[in-house]
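Taking it in order: structure first as structure tokens, then the write-up.
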Amino acid sequence: MTAQPHSGSSTGDYGPAPTGRSPWATGGATFAGVLLLLNGILAVLQGIAAIAEDDVYARIGSYVYEINLTGWGWILLILGVIAACAGVGILSGATWARAAGIALASLSLIAQFLFLPYQPVWSVVMMAIDVFVIWALASYRSEPARR
């Protein structure tokens, strides 16, 4: 037996279009909450290391955007604490946490781009995680409240 396209489907697809309530979107939002929480914890640790010692990270060449490593440490520490709180909020289902998570992942994306001269591979990995978090939280739609 072969699958038939839905009637009224002119594109020949074999299922409904993914919605914000699909298992992929729901699982993606949960995973994004976990990633945001872990990203926040790792940013806190990265910030503490940068604040503690100015020579923890070696600079690779010169870079257009230069800032004192201690300054980056404070930026990462503050963003990390707020991101971890937003991650906990996403996992608990708080409505505010989704918008906060998107904003924080966007700020983290920018901060990691600016942190490239100190840890290029780590920054690229964290930037990819931030892009996924933004996508997952933007595409998720929570279930309406039942009465």
Side-chain angles (χ1 to χ4, degrees), residues 3-54 56-57 60 63-147:
Q4 297 296 320
H6 290 277
S7 62
S9 172
S10 61
T11 60
D13 60 353
Y14 290 92
T19 66
R21 294 189 185 110
S22 72
W24 278 99
T26 303
T30 302
F31 189 54
V34 170
L35 284 177
L36 196 58
L37 174 63
L38 293 176
N39 188 0
I41 292 169
L42 291 174
V44 165
L45 295 175
Q46 191 178 15
I48 290 171
I51 292 168
E53 295 282 334
D54 266 350
V56 169
Y57 297 108
I60 300 175
Y63 195 57
V64 174
Y65 306 104
E66 290 188 29
I67 189 171
N68 183 342
L69 188 57
T70 304
W72 280 123
W74 281 107
I75 290 170
L76 290 171
L77 181 68
I78 292 167
L79 281 177
V81 168
I82 298 170
C85 292
V88 170
I90 290 167
L91 293 175
S92 66
T95 311
W96 62 267
R98 238 180 70 224
I102 291 171
L104 287 167
S106 300
L107 287 174
S108 174
L109 183 71
I110 294 167
Q112 291 298 331
F113 174 76
L114 296 174
F115 202 70
L116 274 170
Y118 301 106
Q119 290 290 320
V121 175
W122 178 258
S123 291
V124 169
V125 169
M126 294 305 288
M127 288 165 53
I129 289 172
D130 289 332
V131 168
F132 173 79
V133 168
I134 293 167
W135 169 82
L137 294 177
S139 65
Y140 175 71
R141 302 287 178 258
S142 61
E143 291 288 330
R146 294 184 185 200
R147 295 181 181 207

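Since the structure is predicted, the reported quantities are computational estimates derived from the model, not experimental observations. In what follows, every heavy atom counts, from backbone to side chain, and hydrogens, waters and symmetry copies are set aside. Position 1 is the first residue of the sequence, and the numbers go up from there.
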Task: Smallest separation among heavy atoms of Ala32 and Ala136, with atom names - done: CB-CB, 3.7 Å
Task: Contact check, side chains of Leu76 and Ile48, non-hydrogen atoms, under 4.5 Å - done: no
- [ ] Please report the shortest heavy-atom distance between Ile90 and Gly101, naming the atom on each side.
- [x] CD1-CA, 4.3 Å
- [ ] Give the C-alpha distance, both sets of side-chain angles, the deciding distance and a yes or no for side-chain contact (heavy atoms from CB on, under 4.5 Å) between Leu116 and Val124.
- [x] CA-CA 8 Å; Leu116 274 170; Val124 169; 4.0 Å; yes
- [ ] Calculate, to the nearest 0.5 Å, the distance between atoms CE and CD1 belonging to Met127 and Ile110 respectively.
- [x] 10.0 Å
TODO: Could you tell me the separation between the SG atom of Cys85 and the CG atom of Leu36, rounded to the nearest 0.5 Å?
DONE: 10.0 Å
TODO: First locate atom CZ of Phe31, then atom CG of Leu38, and finally report the distance between them rounded to the nearest 0.5 Å.
DONE: 8.5 Å
TODO: To the nearest 0.5 angstrom, please state how far the CD1 atom of Ile134 sits from the CG atom of Leu104.
DONE: 10.0 Å
Task: Any Asn39 side-chain heavy atom under 4.5 Å of Val133 side chain - done: no
Open item on the list: To the nearest 0.5 Å, what is the distance between CG on Asp130 and CD1 on Ile102?
Closed with: 12.5 Å
Open item on the list: As an exercise, state the distance from CG of Leu107 to CD1 of Ile78, rounded to the nearest 0.5 Å.
Closed with: 12.0 Å
- [ ] Taking all heavy atoms of Ala86 and all of Ala97, pick out the closest pair and write down the distance.
- [x] O-CB, 3.7 Å
Task: Shortest non-hydrogen contact between Gly40 and Ala83, atoms and distance - done: CA-CB, 4.0 Å
